[in-house]
Amino acid sequence: MKKMMKLFAASALSLALMLSLFACAEAPEEKKAEAPATQSEATTEASGEASPDASGEAAPAEEKTVKVGFVYVSPVGDAGYSYAHDLGRKAVEALDFVTTSYVESVPEGADSERVIRNMARKDFDIIFTTSFGYMDPTIKVAKEFPGVRFMHCSGFKKSENVNNYFGRIYQARYLTGLVAGAMTKSNRLGYVAAFPIPEVIRGINAFTLGVRQSNPEAEVRVVWTKTWYDPALEKDAAKSLLDAGCDVIAQHQDSPAPQEAAQEAGAYSVGYNSDMSSFAPRAHLTSAMWNWAPMYVKTVEQVRDGSWQGDQALWWSMQDGVVDIAPMGPMVPEDVKAQVLAKRDELMSGVDTVFAGPIKNQQGEIAVPEGTSMTDGEMLGMTWFVEGVVGSAE
Amino acid sequence: MALKIRKRDEPWKWGALVIFLGALLFSLGVSCLLLAGQGKDALHGMFILWEGSFGNLWALEGALLKAIPLFLCSLGVAVAFRMQIWNIGAEGQFALGAIGATWMALSFPGLPWYGLMPLMFAMAFLLGGAWAFIPAVLKLKLRVNEIISTLMLNYIAILLLDYLVFGVWKDPTSFGFPMTPEFTSGAVIAGIGSSRVHWGLLFCAVVGVGLWAFMRFTRLGFELKASGEGARVARYAKIRYGLLTMFVMGLSGGFAGWAGCIETSAVLNRLQPSLMVGYGYTAIVVAWLARLEPLNIAFGAFLLAALRVGVENLQLELQIPAAFGVIMEGMILLTVLAGQFFLTYRIERAPREGGE
Amino acid sequence: MLMWEFIIPLMAAAVQSGTPILYATLGEMMTEKGGVLNLGVEGIMAVAALAAFVTSFATGSPWLAFLAGGTAGLAFASLHAFVCITCLGNQVVSGLALTILGLGVSTFLGVPYVGLAAPGFDPFAFPLLSSIPVLGDIFFRQDMLVYISFVIPFFFWFFFRRTSLGLHVAATGEMPAAAAAAGLKPVALRYFAVLTGGFLIGLGGAYLSLAYTHLWTNGLSGGRGWIAVALVIFAFWRPGRAVIGAYLFGGVMAFQLRLQAMGTHIPSSLLLMLPYLLTILVLILSAWRGRRIDAPAALGTNIEPEA
C-alpha cells in the first residue's frame, strides 16, 4: 500500500513537471495567436479629435505601442468605484494602438507596492493607480522607474513622472443637492457615507450647499458605515435615516442598497458612481456619476504623442466630461429640471462657484468669507462640515 | 469489492509530505479546470502562476517580504493551537502590535534606532500580548469560549486602529486622510543591503529558532507540549494549566504584535488602516498546513505568500479574477485536511465474508 | 410619544437585521448539537446567497430561489461533513477553509451577476396580527421569510425535545461512543446534523440576497456568519435564546446607526464597536451568573472509526 502511494505520488509529480514544461513551450505561440485577434481596424469614436492625424504619423497600425496598466482596490465586478474606472479602461483598450491590463482587489499598502512595481518591470508605459492608499507606493516605485509614467487617483503627491488626478465629483454632488433640496417635504435629507475622509466630506458639503440653495430650511443627516461596500449594512443605515424622518437618501457607497431602502419606504434617492435608476425607478431622482473614459483616452494619447508631462495635479471637472449627473427622474418638476440644467451649463462652461463664500461651518461661524472661494488645496483637505449637516465629521 | 479502514500500526513516515503534494496537485488540477471554464489555456495559466511565484528574483523577493508577517503571526497561532487553545485573534493582536509600535514611534521621534526599536518591539509585544491575555483570562475565570472572544476582539481592534488614525493620530499634513505622520528614520526597519527584504527577516529567524529551542530544551516548553496531548496527560505531569494558558496566549499575541510592528515600521513607515489585510486569518491556515512546526511554518508562510504573489501575475497576464487565488487557498487546505486521514488510517481490502 | 416613534422602528429594524443571523445561528446550533463545530458559516452564507440570487434571476421564482439557497448551503456543508466526519479532519481548520473557499467561490462565480436585480420578498402587513398595537408594528410588517423564521425555533425545540431522531442527534453530540453502543449510527446522525444545519445556514444566506437586499454583490455576508457562531454560544445551544441573541445583535447595530442619524458627535468607530463589545459582555455576564453552559460534550471531537 505504502509503496503504491509513493509510486503514485512520484508519477504524479513527474507528470506535473512534464505538463509545466509543455506549458513553457506552448506559451509564446499562445501570445502570438492572441495579438491579431484583439486588434480592431476602426478608430473608435472615444479617441476623439486626436486620432485621425495620429493614425497617419504613428507607426503601422498593427503595432501596439502603448501598454497601459490599472490597479484597482476592489473587484471590478462591484458595480461601483472600480467598475467606473474599468469602464474607462475599456474605452482605452478600444484604441487601436493600446494594450491594457489590470489587477483587481489589491490591498493598499505593501501588496500594492509589489503589484505596481511588477507592472513597471513589465514595461508598462503608463500605470493608473486608482485608490488613495496607493499614493506612497506609487511615489516609491516611480522613483525606481523614471521611464514609466504614473497617474495616481485621489491623492496629493506628485513627482517627475507622477501626476495625481481626480474628478470634481463635488460639482455633480452640488447639482444632485439642488434636485434633492427641491424634492424634500420633511426638510430632512439622509446621507449614507463610507469613511470620514476629505473626498467624502467634500461631497457631503457640496450636496448640502446644493440642498440649501434650493431649500434654506433643510438639513442633511449623515451616517457613517466605515465600509465602502456592505450592501446589507448600507441598507440598514439608509433605513435608520428614513426612520429619523429623512425623505431623500443620498449615498457615498458603492452598492445600490440605499436606493432600494428609499424606494421601499416611498422616499426619494440620489445615486452615486453610475446611473442607479434601474435599481429604484420610483425613487431615483438622479445620480452623481463618474465617466473616466474621455480623460483616460486623452492621457494615453498624450503618452503616444510624447506630450505627456509629469509633476501635475490634475483635477478634472464637469467641463472635461469626467463627472456628470444622470438624467433626472420623471417625478422631478420641469422648473426644477430647468434650474438644475442651467447650473449644469454654467459648470460646463467652466464657472465653478460651488465652494464660493459666504459659507458657514457647522457651528455657524463663517468659514469661507464672502468674495473668496476655497482653493483646491483647502478643498482637498476638507475635514469640517458646512452649516446644515447634522452629524460628526469623524 | 469491500474496503475496510484500519488504523496504522506505525505512523506513515513520509505520509505528510506525500499527502501535501497530492493535495497540492489535486487543487492545481481543479484550478486548471476553473481556468479552462473561463475559456483560458489552463496549462499556460499554471506556467504564468509559477513564473509569478518563483520564476524570478523579484517574485521571490516579494514572496519573502509577504511571508515575514505571515510567519510571525503563524508562529503565535501555532503556539496556542499546540495547547488546543483556539486563538483566532491573531488579526486583532497584529493590529494592537502595530498600535503599540506606532505609539512609541510617535512619542519619541528623536531617538536613534538603537533606542527606539527596542521600545517599539517591547510595546508591540506588550499590547499584542495583552490583547490575547483578555480571552485567556475570560476562558480561565469565566469559561468564555476563546474562539468567540478572540474573534470579537479582532473587530474591536481594527475599529480601535481606525479610531486612532481617523482621530488623535491623524497627520495634520495629510490633507485629512487617515494616516499618522511618517516615522522618523530611527523608527524604520531598513532593507538588507540594496534589496527590498528588510532586517525583519533576521528577526523572524531568531524568533523561530528561539521558539524551537524553548520548546525543546526548557521545562515550560515540555509542559506546553504535554498539555497539548490532552488534559489527562497534563494533570498527570502536574502541569499548571491556568498559568500555562495565560503564558501561551501572551506569547501568541506577542508574536502577532511583533508582526504588526515590523509591517508598520518596515513596509508602511506609518500607521494607516490599509495595514490590515488579513494576515491573522491566513496565519491560521499556514499554522495548520505546517502541522504547527516552526520550520514547516517558515516553508508554509513562504509558499502561501508565493501563491498570492503568483496569482497577481496570473491576473495581470490573463485577467483572471482575484478570487481565483482565494479558491486555491481554500481548496489546498481542505484537501490536505481530508488527506490527513491516511496518516493514521489505511484502507484495505476487506476479506470476503465467506473467508472468515 | 416621541419615544415610541424612535423605539418601534428600531425594534422592527432589529427583527429584520436579526433574521439572517437567526437562520444561520439555528443552523450552526443544529450542527453543533450533533457534535460538529462548523466555522464555515460565513462561507456557506456567501455561496447560498449567490445560489439563491442566480436561481431567482433565472427562474423568477423567489420561493424556488429560497430553497436553492438552502440546498446550496447543504451541498457546501457536505464538504465540511466529509472532511470532518469521514476523513477525521480538524473541525476548526476545516471550517476556516470552508469560509475561505466559500468567499472565493461566490466572488469568482458571481461576477456576471453583480449589478443585476432579481425578484425577491417584500414586506407586507400580516393579516390581523399586524393590527396588534406595538407588537404588530414590530413583528408583523415584515417579509414572508421573517415570518417563517418565527416558527423555526419552535420546530427546533420540538425536534430535540420530542422526536427520537432529535434525541439521537443530541446523543451523538454528547457521547458518540455511548450512542454507538446503544445501536445508533453516530456517523450518519452527524452527517444529518451538519447537512440540515448547512441547509438552515443557507436559508440565512438566501435571505440576504432575496429579502434584505434584492441584489448580489461579493461580500454580501459581511461578517454575519461569524456573529452566528458567537450567538450559538451566547444562546447556550437553546433556540429561544438564539432568537433573543439575534434580535439583540440586530438591535444594537440598528441602534448605533440611528444614534448617528440623530446627529450624535461620538466618533463612528467607537459606535461601530458596540455590537462586538456587547457580544463579549453578554458572554461574560451569563458566565458570571453561574449559568450552566450546555455545550454538547463531544463538540469538536471526531468519531474514531473502530479499527
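Just so it is clear: chains get the letters A, B, ... in the order the sequence lines come, proteins before strands, and each one is counted from 1.
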Tell me the residues of residues 282-291 of chain B whose non-hydrogen atoms fall below 4.5 Å from those of chain C, in number order. I284(B), V285(B), W288(B)

Non-hydrogen side-chain atoms of [X] and [Y] separated by less than 4.5 Å:
| X | Y | value |
| --- | --- | --- |
| I156(B) | I280(C) | yes |
| M152(B) | L277(C) | no |
| L151(B) | Y276(C) | no |
| L334(B) | S94(C) | yes |
| L101(C) | L333(B) | no |

Contacting moiety of [X], where chain C heavy atoms sit under 4.5 Å:
| X | value |
| --- | --- |
| N145(B) | side chain |
| L138(B) | side chain |
| I134(B) | neither |
| I148(B) | side chain |

Between [X] and [Y], which heavy-atom pair has the shortest distance, and what is it?
| X | Y | value |
| --- | --- | --- |
| G104(C) | A323(B) | O-CB, 3.5 Å |
| E329(B) | I100(C) | CB-CG2, 4.3 Å |
| C87(C) | F341(B) | O-CB, 3.3 Å |

With only heavy atoms counted, which part of [X] is less than 4.5 Å from chain B, the side chain, the backbone, both or neither?
| X | answer |
| --- | --- |
| L272(C) | both |
| V105(C) | both |
| S106(C) | neither |
| L79(C) | side chain |
| T279(C) | side chain |

Winner by heavy-atom pair count (cut-off under 4.5 Å) against chain C, out of [options]:
| options | value |
| --- | --- |
| F324(B), F81(B), Y281(B) | F324(B) |
| L153(B), L337(B), I158(B) | L337(B) |
| I327(B), L34(B), V326(B) | I327(B) |

Quick one: pull up CG in L109(C) and CD in Q38(B) and give me the separation to the nearest 0.5 Å. 8.5 Å

Picking from V232(C), N90(C), L98(C), V229(C), which has the most non-hydrogen pairs under 4.5 angstrom with chain B? N90(C)

What residues of residues 34-44 of chain C sit under 4.5 Å from chain B when only non-hydrogen atoms are counted? L37(C), L39(C)

